[in-house]
Trainee: 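Have a look at the structure that comes next, please.
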Amino acid sequence: MTNPYKGVTGIKRIWYALGYSLDGLKAAYRGEAAFRQLVWLAVILIPLALVLPVSYVGSALMVGSVLLSLIIELLNSAIEAAIDRISLERHPLSKASKDMGSAAQMLGLILIAVVWSLVLLEPQ
């Protein structure tokens, strides 16, 4: 079966993609407590990274680590939603898939802590 939206090109495709992306962000914010928590963490950390007396590269690394954690949480939430859509039955593969998504987010949070620590502790 052919996807009827695959034929859309140019600015119209970009416009549709923007709409789908915003819908995804809204769905994640409304339905995922972990994503909401990370958004509020980002609201605090990103402006802080931009005003702290660190290099431009340091600021970029600090902001990038926070954005990466948001991206990981979106992917983790998508995996969980897809698994739940397939079946709510407990299954070892479903558990492993969800656990791997959770592990990815844990590593993302560790990355934030490591990057921020290294940048802030760097001798000026």
Side-chain angles (χ1 to χ4, degrees):
M1 176 186 264
T2 308
N3 185 333
Y5 299 107
K6 290 292 185 183
V8 178
T9 60
I11 297 296
K12 194 173 186 180
R13 186 194 67 76
I14 294 169
W15 183 253
Y16 284 166
L18 174 63
Y20 300 144
S21 297
L22 293 175
D23 288 346
L25 289 170
K26 287 178 200 171
Y29 192 82
R30 288 183 185 139
E32 299 294 331
F35 184 74
R36 282 192 301 276
Q37 292 168 346
L38 283 171
V39 165
W40 287 106
L41 184 65
V43 165
I44 295 165
L45 291 181
I46 290 174
L48 187 60
L50 299 175
V51 299
L52 286 171
V54 298
S55 69
Y56 290 130
V57 172
S59 291
L61 289 169
M62 294 164 83
V63 170
S65 66
V66 173
L67 291 176
L68 181 59
S69 189
L70 285 168
I71 293 166
I72 293 167
E73 186 56 39
L74 286 169
L75 294 171
N76 182 36
S77 296
I79 290 167
E80 289 183 357
I83 295 299
D84 290 346
R85 166 67 174 88
I86 292 167
S87 174
L88 294 175
E89 173 189 332
R90 292 186 184 270
H91 189 280
L93 291 175
S94 297
K95 180 179 178 355
S97 179
K98 289 182 173 191
D99 289 350
M100 286 184 255
S102 179
Q105 184 54 267
M106 180 188 70
L107 293 175
L109 293 170
I110 290 170
L111 179 65
I112 290 173
V114 169
V115 166
W116 278 69
S117 296
L118 291 174
V119 170
L120 292 175
L121 296 174
E122 178 183 22
Q124 298 297 324

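Computed from a prediction, not measured in an experiment: that's the story for all the values here. Both backbone and side-chain heavy atoms feed into the values below; hydrogens, waters and symmetry mates do not.
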Trainee: Once you round to the nearest 0.5 Å, how far does CD1 of Ile79 lie from OG of Ser94?
Mentor: 12.0 Å
Trainee: Check the pair Glu73 / Ser77 against side chain to side chain donor-acceptor pair (under 3.5 Å), numbers first and verdict last.
Mentor: CA-CA 6 Å; Glu73 186 56 39; Ser77 296; 3.2 Å; yes
Trainee: Can you name the closest pair of heavy atoms from Val63 and Ala49 and give their distance?
Mentor: CG2-CB, 3.8 Å
Trainee: Measure the CG-CD1 distance between Leu61 and Ile112 for me, rounded to the nearest 0.5 Å.
Mentor: 12.5 Å
Trainee: Output the distance between atom OG (Ser21) and atom CD1 (Ile14), rounded to the nearest 0.5 Å.
Mentor: 11.5 Å
Trainee: Work out which heavy atom in Tyr29 is nearest to a heavy atom in Trp40; give both atom names and the distance.
Mentor: OH-NE1, 2.7 Å
Trainee: For Leu22, does the CG atom have more than 12 heavy-atom neighbours from other residues, nucleotides or ligands under 6.0 Å away?
Mentor: yes
Trainee: Same cluster for Val115 and Ile110 if Ile/Leu/Val/Met/Phe/Trp/Tyr side chains link at under 4.5 Å?
Mentor: no
Trainee: Quick one: do Val57 and Leu48 end up in the same hydrophobic cluster if we chain Ile, Leu, Val, Met, Phe, Trp and Tyr together by side-chain heavy atoms under 4.5 Å apart?
Mentor: yes
Trainee: I'd like to check Val66 versus Trp116 (side-chain heavy atoms, cut-off strictly below 4.5 Å). Are they in contact?
Mentor: yes
Trainee: Determine whether Ile46 and Leu68 fall in the same hydrophobic cluster, where Ile, Leu, Val, Met, Phe, Trp and Tyr are linked whenever their side-chain heavy atoms lie under 4.5 Å apart.
Mentor: yes
Trainee: With sequence neighbours excluded, what pairs up with Asp99 under the salt bridge (charged side-chain N to carboxylate O under 4.0 Å, His left out) test?
Mentor: Lys95
Trainee: Nearest 0.5 Å please: distance from the CG atom of Leu67 over to the CG atom of Leu38.
Mentor: 11.0 Å
Trainee: What pair of heavy atoms forms the shortest contact from Lys98 to Asp84, and how long is it?
Mentor: NZ-OD1, 2.5 Å
Trainee: State, with a plain yes or no, whether a side-chain heavy atom of Leu74 is found less than 4.5 Å away from one of Leu25.
Mentor: yes
Trainee: Group every Ile, Leu, Val, Met, Phe, Trp and Tyr by side-chain heavy-atom contacts under 4.5 Å, then state whether Val114 and Leu70 land in the same group.
Mentor: no
Trainee: Locate the shortest heavy-atom distance separating Arg30 from Arg36; write the atom from each residue and the value.
Mentor: O-NH1, 3.0 Å
Trainee: Enter the distance from Ser69:OG to Met106:CE here, rounded to the nearest 0.5 Å.
Mentor: 12.0 Å
Trainee: Does any non-hydrogen side-chain atom of Leu41 lie less than 4.5 Å from one of Gln37?
Mentor: no
Trainee: Between Leu118 and Leu45, is there shared hydrophobic-cluster membership here, with clusters defined by ILVMFWY side-chain heavy atoms closer than 4.5 Å?
Mentor: no
Trainee: Do Leu120 and Met62 come close enough that some side-chain heavy atom pair is under 4.5 Å?
Mentor: yes
Trainee: Quick one: closest heavy-atom pair of Ser59 and Val54, and the distance?
Mentor: OG-CG2, 3.3 Å
Trainee: If you measure from CG on Leu93 to CD1 on Ile83, what distance do you get to the nearest 0.5 Å?
Mentor: 8.5 Å
Trainee: Please report the closest heavy-atom contact between Pro47 and Ala42, naming both atoms and the distance.
Mentor: CD-O, 3.6 Å
